[in-house]
There are 2 protein chains.
Amino acid sequence: MDDRQLTSELAAQAVEVCLCFHARKASRAITQVFDHILAPTGLRTTQISLLMVVNARSPLRVGDLADALVTDSTTVSRTIKPLIKSGFISEMPDKQDRRVKLITLTDSGRAALERALPLWQTAQSQVAKRLGSGVVQTLLPALESAAQLGPSDIV
Amino acid sequence: MDDRQLTSELAAQAVEVCLCFHARKASRAITQVFDHILAPTGLRTTQISLLMVVNARSPLRVGDLADALVTDSTTVSRTIKPLIKSGFISEMPDKQDRRVKLITLTDSGRAALERALPLWQTAQSQVAKRLGSGVVQTLLPALESAAQLGPSDIV
DNA sequence: CCATATATTATGTATATGCATGTATAATGG
DNA sequence: CCATTATACATGCATATACATAATATATGG
């Protein structure tokens with residue numbers, strides 16, 4: 001067995017168990033179902049999730065929003081742009097600290113979220129049904145653990 | 001309790017259990033750990049996963065690669081571009097069907113994959129260790145189920 | 001054999017994501 | 001009080017992702 005074959009076999013095993021690959025594949029598959037069902041809202045599932053978090057905690061800082069979304073703050077800076085343009089969230093400077101931008105859900109955003117919730121429920125139910133309750137009950141807590149991984153300590 | 005409050009509470013419950021939101025958050029967190037550890041390879045984890053799949057199945061069609069990655073074929077059309085430019089995979093037309101483009105791992109790509117595998121093992125071990133074996137053993141099969149969701153039947 | 005339908009990949013446009021870096025503001029040390 | 005440092009957000013660049021649509025090639029029905 002030469003190097004070529006050896007690498008092939010190691011790589012073949014790796015791809016079957018890679019936690020990153022599987023997490024991303026599953027994420028894409030679930031996102032597709034949600035996005036298709038939520039398409040009539042004119043919003044992507046990512047955007048609806050963002051509105052949900054802002055709804056629960058507004059007004060909140062860009063950095064805190066990034067933490068809640070387990071995302072880079074530079075990503076939030078950009079993902080909120082189309083939502084601001086659509087008028088669903090608004091931004092205003094913090095009087096106490098002018099570096100800080102406070103994000104708030106607008107009435108229009110709240111209305112959009114309200115309209116989206118029934119379709120969200122449809123998507124959630126459909127995915128849950130197709131996965132089966134057993135899978136869902138193991139998946140959710142495991143995903144929550146994974147989301148709390150935080151930065152790696154590369155030693 | 002007015003509509004405002006009602007929506008807030010429903011949305012607050014939804015965001016806690018949303019399978020799409022949790023899957024995406026977990027995917028981002030896991031990806032960050034892998035990408036940080038794999039940074040010395042000059043490749044992203046997504047690209048290494050793609051090389052692994054091509055390694056296991058090359059030569060293969062763009063469409064078949066998309067199926068294996070649970071991704072849109074238009075996404076594959078673009079994600080392979082930097083890998084072709086780097087010389088890690090090559091493309092050639094299928095003689096039997098000139099619509100088809102066959103993707104192959106190059107020697108250079110195989111070498112890059114071989115170099116990446118030890119770091120991949122580090123990332124996989126570190127994530128597995130931090131999640132705990134119990135979580136990993138429930139997570140992997142659940143993610144595999146989720147990745148097989150396929151398109152939704154919107155009724 | 002040709003017209004139409006179907007299949008395969010690419011491109012236009014838009015959002016999603018993160019690193020390196022830049023800019024403005026606040027905090028801190030001397 | 002000022003110089004340095006740290007924090008918060010934005011921007012440049014690159015990859016990731018998908019829908020609508022286009023371009024090309026095959027398949028199929030008459």
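All heavy atoms count here, side chains included; hydrogens, waters and symmetry mates do not. Convention: sequence-line order gives letters A, B, ...; per-chain numbering from 1.
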| query | Does the pair L131(A) and L149(B) meet the rule for a side chain to side chain contact (heavy atoms under 4.5 Å, CB included), with working shown? | reply | CA-CA 8 Å; L131(A) 289 180; L149(B) 274 177; 4.1 Å; yes
| query | Does some side-chain heavy atom of Q124(B) sit less than 4.5 Å from a side-chain heavy atom of I37(B)? | reply | no
| said: Rounding to an integer number of Å, can you tell me how far L43(B) CG sits from dA16(D) C1'? | reply: 15 Å
| said: Assess, by modelled atom type and distance only, whether the side chains of S49(A) and R24(B) contain a donor and an acceptor separated by less than 3.5 Å. | reply: no
| task | Classify the side-chain pair Q126(B)/R130(B) by whether it contains a donor and acceptor separated by less than 3.5 Å. | result | yes
| query | Given atom CZ of R98(B) and atom P of dT6(C), what is their separation to the nearest angstrom? | reply | 22 Å
| Residue met sooner reading DNA chain D from 5', once D64(A) and Q47(B) are mapped to nucleotides | D64(A)
| message | Whole angstroms only, please: what is the CD1-P distance between I30(B) and dT17(C)? | response | 15 Å
| note | To the nearest angstrom, the CG-C1' distance between D94(B) and dT26(D) comes to 12 Å
| said: Distance check needed: dA27(D) C1' versus D97(B) CG, whole Å only. | reply: 10 Å
| remark: To the nearest angstrom, the CG-P distance between L38(B) and dT15(D) comes to 17 Å
| note | In B/S/- notation (B base, S sugar-phosphate only, - none; protein heavy atoms under 4.0 Å), nucleotides 18-24 of chain D written 5' to 3' is BBB----
| said: For the backbone of T71(A) and the side chain of R28(B), can you confirm whether one donor and one acceptor N or O come within less than 3.5 Å of each other? | reply: no
| query | Going hydrophobic residue to hydrophobic residue with side-chain gaps under 4.5 angstrom, can you get from I30(B) over to V70(B)? | reply | no
| remark: R61(A) CZ to dT25(C) C1', in whole Å, measures 12 Å
| Does V100(B) or P82(A) map to a spot on DNA chain C nearer the 5' end, using the closest nucleotide for each? | V100(B)
| message | Rounded to whole Å, please give me the gap between CG in D67(A) and P in dT17(C). | response | 15 Å
| query | Does K81(A) make a side-chain N or O approach to OP1 or OP2 of dT17(C) shorter than 4.0 Å? | reply | no
| Same apolar cluster (I L V M F W Y, side chains within < 4.5 Å links), M92(B)/V62(B) | no
| Closest to the S77(A) side chain, choosing from dT25(C), dT11(C), dT11(D) | dT11(D)
